[in-house]
Each structure stands twice: as C-alpha cells, then as structure tokens.
J.: 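Quick one: the structure is below, questions incoming.
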Amino acid sequence: MKLTNPATEEVFTEVAAVSPADIHAAVEAAQHAWESGWRNLAPGKRAEILFNIARVLREHREELAQLECANIGKPIGDARDEIGLGARVFEYYAGAIGQFCGQTIPVARGGFDFTLREPLGVVAAIVPWNFPFPIACWKAAPALAAGNCVVLKPASLSPLTALRLGELASAAGLPPGVLQVLPGPGAALGDALVTHPLVRKISFTGSTDVGRRIMELAARDLKRVSLELGGKSPNIVFADADWQRAADTSPMNVFANTGQDCCARSRVFVERAVFEPFVERFVAATKQLIVGDPTLDATQLGPLVSASQRASVEDFLEDARSCGTKFACGGSRFGVPPSSGRGVLPPKGGTPNRGFYLEPTVLLDVDKTTRCWREEIFGPVVCVVPFDDEAQMLRDVNASPYGLSGSIWTNNLSRALRVSRAVQSGVLSVNSHSSVHVEAPFGGYKQSGLGRDLGMAAMEGYTELKNVYVAE
Ligand code: NAD
C-alpha cells in the first residue's frame with residue numbers, strides 16, 4: 001500500500017498489506033499465546049508489562065508523533081498529545097489490573113456465591129484513520145489488561161503508528177503473539193477476521209455502515225461486539241451562558257482534526273436572543289484558526305486525509321449551495337492566499353498549493369432536510385441555527401439517528417441537568433468541549449454504536465462474567 005502525505009500529496013512510503021491467510025495464521029498464533037501463557041499470567045506481571053509499554057511509548061513520543069503527522073497530516077502538536085494519551089491509556093489499565101474484581105453475592109439459599117471476570121480469548125480490534133494511535137491503544141490496553149490476546153487491524157490509510165505500537169510493545173516485554181498488528185484494506189480482510197471461529201470479540205471503531213456489517217457477520221456465531229461509529233453531535237448554547245466563551249472556543253470543537261472527528265459538534269444550536277452576536281464571534285474565531293503545514297508547531301488544522309475525503313466533503317458543500325444555504329465563511333480549497341482565515345503556511349520545503357486542504361466552513365440558514373444537516377460530513381463544516389423553544393430544539397437534536405457526543409452551554413444548573421438528561425448521546429459536556437477522559441466510559445447511543453471504550457466499562461467489555469455457587 002502506497003502512503004501519501006496529505007500535506008504534500010507525495011507518496012512517502014509503502015507498507016505491505018496482509019492476506020486473509022495471514023489473518024488466519026495470526027488469529028491461531030494469538031489463541032496459542034493466550035492458552036499457553038497470557039491467560040494465566042499473574043496479574044502483577046501483566047501490569048508490569050503494560051506499565052513498561054507506557055514508558056516505552058513515552059520514550060518514542062516524538063518519533064510516533066512525526067509518523068502520524070506525515071501519514072495523515074495531523075498537526076504535530078495534536079499528534080504529540082495523542083501519543084501521550086495512548087501511553088496514559090496503557091498506564092491506566094496497568095493500574096486497573098489490581099483493582100479489577102468480581103463480587104460476593106448473598107444469594108437467598110445460603111452457601112457462597114461469587115463472580116469471576118474472565119478473559120474472552122482472541123479479540124479483533126479494527127480501528128479508523130482519524131485517531132489511529134489513541135484508538136488502537138484504547139482497544140488494545142483494556143483487552144490485554146483483562147487477559148486477552150489482540151489482533152489489531154489499522155486502517156489502510158494510517159497503519160504506521162499501529163505497526164510501531166506492535167514493535168514497541170514487544171520491546172517492552174509483551175510475549176510473542178499477544179498483540180499482532182496486521183495492516184491491509186478492511187474490505188478484503190474484514191470478513192476473514194470477523195468470521196474467524198477463534199475470534200471471540202470484535203471491537204470496532206469506524207463508520208456506521210461497516211459497523212452494521214460487522215454486527216451482522218458477528219451475529220452468526222454470537223461473537224461479542226463493541227461498535228464506536230459515526231456522529232452528528234449538537235453544541236447547544238443558551239442565552240444565559242458565557243456565550244462569548246462558547247463562541248470563541250467552539251470552532252476548534254468542530255474543526256479540530258480538520259473536522260474528521262466522530263465527536264465533532266457539527267450542529268450548533270444557539271438561543272435566538274444571542275444568535276447574531278454569537279455567529280459574528282464564532283465566524284471571527286473560525287477565521288483566526290491557523291490552517292497549514294502540519295509539521296509546524298503553530299498549525300491548528302492540517303489537510304484532509306486524502307483527495308477522496310476532500311471530494312466527499314466537497315459533495316456536501318455542493319449540495320448545500322444547491323439548496324441555497326448561506327456560507328458565512330469558507331467553502332473553498334485553499335489557494336494562496338486563502339479567501340478567509342489566517343492562511344496556509346506552506347509545507348516545509350514544499351509547494352504552497354499542494355495538500356488536500358479545505359477552508360473551515362460555517363453554514364447558516366440551513367434547511368433541516370439537507371444532507372449537511374442530517375449526515376456526518378467528516379470534514380471542516382458546521383451548521384449553526386437559532387432556536388426559540390427548548391423542547392423543540394431538543395426534538396431537533398434528538399431527530400438525528402446518531403447519538404455520540406454533545407455540549408451544553410448554560411449557567412442555569414437546573415437547565416444543565418434537565419438538558420443533559422434529555423439529549424440522547426453517550427458523551428456530554430457542560431460548559432466545555434471535553435469528550436474523552438481515559439477514566440470515563442466513551443461511546444454512543446442509537447446508530448453511534450454500542451458498548452463502551454475507556455474507563456472500567458471497557459475492561460469489563462473484554463470479559464465474560466461467570467457466577468460460581470458453592471453449597472454449604
Ligand atoms: P471505515 O468504517 O471505513 O473503516 C474503519 C476500519 O474498518 C478500517 O480499519 C477499515 O479498514 C476497516 N474496514 C473497512 N471495511 C471493513 C469490513 N467490511 N470489515 C471489517 N473492517 C472493515 O471508517 P474510517 O473511514 O476509517 O473512519 C471514519 C469513521 O469512523 C467515521 O464515521 C467516524 O465517525 C468513525 N469514528 C468513530 C469514532 C467513535 O469513537 N465513535 C472514532 C473515530 C472514528
């Protein structure tokens with residue numbers, strides 16, 4: 001597989017793609033590693049290895065960040081943060097091993113009843129290209145901590161940091177076969193992995209369509225699945241909030257990672273009383289974003305991941321134009337200088353006009369039947385609409401088939417609690433944009449998926465719950 005740097009449009013390396021036969025061999029090796037050692041390794045030893053992995057990842061943080069930056073055009077500052085996040089995930093689950101326990105239950109008939117959390121065996125982890133490293137870590141770490149072996153398939157666009165994770169984990173003391181990384185196209189390899197009889201769980205992050213297919217295949221032999229899928233998340237701003245802070249900070253809440261973020265708050269609902277000043281400030285903040293060369297520390301937004309991803313976002317923009325949607329800013333590819341914003345910094349030593357860049361785009365007067373309003377765009381595009389009535393706004397928020405994340409801005413505590421309960425999303429934040437906490441469960445309602453990553457909930461998801469009753 002040829003890998004193209006999205007900021008320069010140059011092929012910079014090639015990676016071999018595995019075959020379905022390699023998948024079979026890997027799953028069998030994983031089963032062997034599980035039965036012959038990892039399953040019964042003392043918890044303290046398992047924790048030691050996971051702590052070691054975290055340490056080695058931190059030692060290689062710069063190298064991994066540079067790989068991610070070149071591979072998917074991720075701004076280097078964000079890439080460094082994401083490597084740190086991955087290391088932190090290994091540390092958290094290393095620490096969790098010693099606290100992961102069952103219960104004793106006072107059953108009615110007396111005797112002694114207790115539960116055991118037992119590993120499943122071989123887990124297939126399938127991850128997307130937008131956050132390749134952290135998502136690989138937040139699947140591998142809890143699965144390994146719970147005593148499973150993992151076959152990890154990165155997205156074909158972004159295999160590099162996952163491959164390094166496999167090598168570094170092995171250097172940190174993880175026995176052979178316990179974590180294997182197999183790059184290649186999902187369409188060709190997915191079925192072999194998902195239907196292999198020794199795979200006991202598929203932990204998937206990616207699009208809703210692929211998630212649906214995985215669930216159908218897994219249903220045949222009732223494999224466990226967890227699915228983290230698409231989103232179309234709301235950002236709800238009430239007039240009583242610090243709406244100025246919301247306006248200043250919300251652009252990064254949708255445009256970070258160039259909008260290629262399942263948690264992107266891509267539908268902004270603003271109470272009518274502050275709608276106009278909010279939009280003015282939000283657009284001004286959007287124009288301040290530094291879009292450009294991802295290798296530079298100052299850059300906030302890089303290019304889209306590929307030419308086809310940019311073309312897909314441009315289709316949405318074309319549809320918006322044909323429906324008469326108002327563009328408050330953005331909507332075009334970058335030339336030099338860009339038509340809005342603080343500018344494209346030319347890639348170091350590269351040609352300024354290269355790269356799959358698209359301006360951050362703010363849409364107003366959005367008809368709620370249009371594609372931009374209803375579908376996940378996965379690019380730097382946001383719809384901002386006013387609302388008058390809380391109940392009607394909540395109906396619009398919840399009309400989406402997705403339910404991943406969302407933000408609520410208000411200084412009224414009762415309203416914050418009431419609206420938090422009413423929004424059908426798995427991850428919400430009040431007066432903040434924060435979606436991901438290593439210690440807290442992360443996942444979606446409705447077609448945003450099922451099961452949870454992160455927190456103790458994820459570790460539980462990589463186990464079976466056994467009940468043992470001992471008669472007196
Ligand atoms: P994708 O579904 O195309 O691919 C995800 C992974 O699945 C890749 O590794 C791919 O190779 C593999 N795959 C593709 N076809 C497959 C098949 N038939 N069987 C098995 N595996 C297959 O998604 P993507 O384009 O890489 O990522 C973007 C999507 O991921 C967006 O919809 C985004 O919202 C979602 N996402 C969700 C979360 C979350 O936590 N909810 C996080 C990141 C991304």
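First listed ligand is number 1; within each ligand, the first listed atom is number 1. Positions are given from 1, in the same order as the sequence printed here.
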J.: Answer yes or no for Arg310 and Phe356: cation-pi contact, defined as NZ/CZ to six-membered ring centre under 6.0 Å and angle to ring axis within 45°.
T.: no
J.: Kindly write out the residues that satisfy side chain to side chain contact (heavy atoms under 4.5 Å, CB included) with Phe327, not counting sequence neighbours, or none if the list is empty.
T.: Leu317, Ala320, Arg321, Thr361, Leu363
J.: Flag the pair Arg80 and Glu68 as a salt bridge only when some basic side-chain nitrogen lies within less than 4.0 angstrom of an acidic carboxylate oxygen.
T.: no
J.: Is a side-chain donor-acceptor pair under 3.5 Å present for Ser400 with Lys232?
T.: no
J.: Report the residues that fulfil salt bridge (Lys or Arg N to Asp or Glu O under 4.0 Å) with Arg452, sequence neighbours left out, ordered by chain and then residue number.
T.: none
J.: With sequence neighbours left out, write down each residue that passes side chain to side chain contact (heavy atoms under 4.5 Å, CB included) with Ser308, or none if nothing qualifies.
T.: Ser306
J.: Heavy-atom cut-off of under 4.0 Å around ligand 1: list whichever protein residues fall inside it, by chain and number.
T.: Ile126, Val127, Pro128, Trp129, Asn130, Ile135, Lys153, Pro154, Ala155, Gly186, Ala187, Gly190, Phe204, Thr205, Gly206, Ser207, Val210, Ile214, Glu228, Leu229, Gly230, Cys262, Glu376, Phe378, Leu404, Phe442
